[in-house]
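Along the sequence shown, residues are numbered consecutively beginning with 1.
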Amino acid sequence: MEFRTFTILGIFGVIVQGGLIGRLVSRFGDAPLVKTGTYLCGFGLIFIILAPNTVTLVMATVLFMVGNSLTGPTSSSLVTKQKSGSQGASLGLFQSFASLGRILGPVIGGALYGLAKGLPYITGAILLLGLVIVAQQKLYAYGKTEIKHPARS
């Protein structure tokens with residue numbers, strides 16, 4: 001079962017990042033896709049906890065994967081398009097914090113899982129949904145002054 005699940009996740013990741021992301025960015029822009037992807041990740045985590053069977057669990061995980069596939073590239077793109085400071089330094093800082101999250105996330109998630117099996121998912125969903133609320137004003141302001149992608153000019 002795990003092989004099929006990871007295959008399905010991989011296929012959706014390839015579809016979104018390999019085929020859809022360019023068209024979606026051209027149509028909607030980076031900022032709305034970051035927000036949408038973050039919401040999908042948060043709801044995916046909630047649905048993972050609530051999944052009553054394997055099929056629903058796979059569907060919830062696909063929802064999370066699609067959100068993650070939307071958020072990753074568009075977040076990096078927003079960082080590179082920022083107007084102030086050095087682009088290289090900003091992207092380096094962005095990647096450093098992403099790496100820190102990949103290091104600390106499993107450690108903190110494991111500790112939370114030890115307290116309650118659903119706690120890492122609930123915590124992640126709350127953090128992601130909170131991130132959307134906090135970032136809403138910044139992304140809205142950025143969306144009003146967003147640099148046009150060469151394909152959209």
Side-chain angles (χ1 to χ4, degrees), residues 1-82 90-143 146 149 151-152:
M1 183 62 186
E2 291 84 14
F3 173 77
R4 284 182 274 172
T5 302
F6 287 123
T7 301
I8 292 167
L9 295 176
I11 289 169
F12 274 94
V14 167
I15 289 170
V16 173
Q17 289 188 8
L20 289 178
I21 195 74
R23 291 184 215 146
L24 292 171
V25 168
S26 293
R27 182 165 182 176
F28 300 108
D30 293 309
L33 291 178
V34 168
K35 186 169 50 172
T36 301
T38 305
Y39 273 123
L40 290 175
C41 284
F43 288 124
L45 289 173
I46 291 168
F47 294 144
I48 286 171
I49 300 168
L50 301 175
N53 55 47
T54 304
V55 173
T56 310
L57 178 63
V58 171
M59 291 170 52
T61 307
V62 166
L63 183 66
F64 176 80
M65 177 67 173
V66 168
N68 194 37
S69 294
L70 288 175
T71 304
T74 52
S75 297
S76 295
S77 178
L78 283 175
V79 170
T80 63
K81 292 177 183 178
Q82 56 104 13
S90 297
L91 193 55
L93 188 62
F94 176 79
Q95 291 299 328
S96 295
F97 276 103
S99 295
L100 185 63
R102 285 189 291 275
I103 293 166
L104 295 179
V107 173
I108 295 169
L112 292 173
Y113 187 84
L115 297 173
K117 290 181 181 179
L119 196 53
Y121 302 102
I122 294 168
T123 304
I126 290 169
L127 289 173
L128 286 169
L129 296 175
L131 175 66
V132 170
I133 293 167
V134 170
Q136 182 68 33
Q137 292 299 322
K138 186 72 172 169
L139 289 174
Y140 177 76
Y142 184 84
E146 184 173 354
H149 189 277
R152 291 184 272 163

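Between atom CG of residue Leu131 and atom SG of residue Cys41 there is a gap of 10.0 Å, rounded to the nearest 0.5 Å. With rounding to the nearest 0.5 Å, the separation of CG in Leu78 from CG in Asp30 is 4.5 Å. With values rounded to the nearest 0.5 angstrom, Met59 atom CE is found 12.5 Å from Thr54 atom OG1. Separating the CE atom in Met65 from the CD1 atom in Ile15 is a distance of 10.5 Å, to the nearest 0.5 Å. Taking CD1 of Ile126 as the start and OH of Tyr121 as the end, the distance is 15.0 Å to the nearest 0.5 Å.
The main-chain N or O of Asn68 is never found under 3.5 Å from a side-chain atom of Thr71 such that the two would form a donor-acceptor pair.
The minimum heavy-atom distance between Gly29 and Leu33, with the atom names listed, is O-CG, 3.4 Å. Taking every heavy atom of both residues into account, Leu70 and Thr74 meet most closely at O-OG1, 2.5 Å. Between Pro120 and Gly109 the shortest heavy-atom distance is CG-O, 3.3 Å.
Applying the side chain to side chain contact (heavy atoms under 4.5 Å, CB included) test to Ala51 and every residue at least two apart in sequence or in another chain returns Thr56, Leu57. Scanning for side-chain hydrogen bond (donor to acceptor under 3.5 Å, both in side chains) contacts around Ser76 gives an empty result, with sequence neighbours left out. Residues meeting the side chain to side chain contact (heavy atoms under 4.5 Å, CB included) test with Leu127, sequence neighbours left out: Thr123. Under the side chain to side chain contact (heavy atoms under 4.5 Å, CB included) criterion, Tyr39 pairs with Lys35, Phe43, Leu129, Val132, sequence neighbours left out. Remark: Ile108 pairs with Leu104, Leu112 by the side chain to side chain contact (heavy atoms under 4.5 Å, CB included) rule, at least two apart or across chains.
Residues Phe47 and Leu63 are in side-chain contact: their nearest non-hydrogen atoms beyond the backbone lie under 4.5 Å apart.
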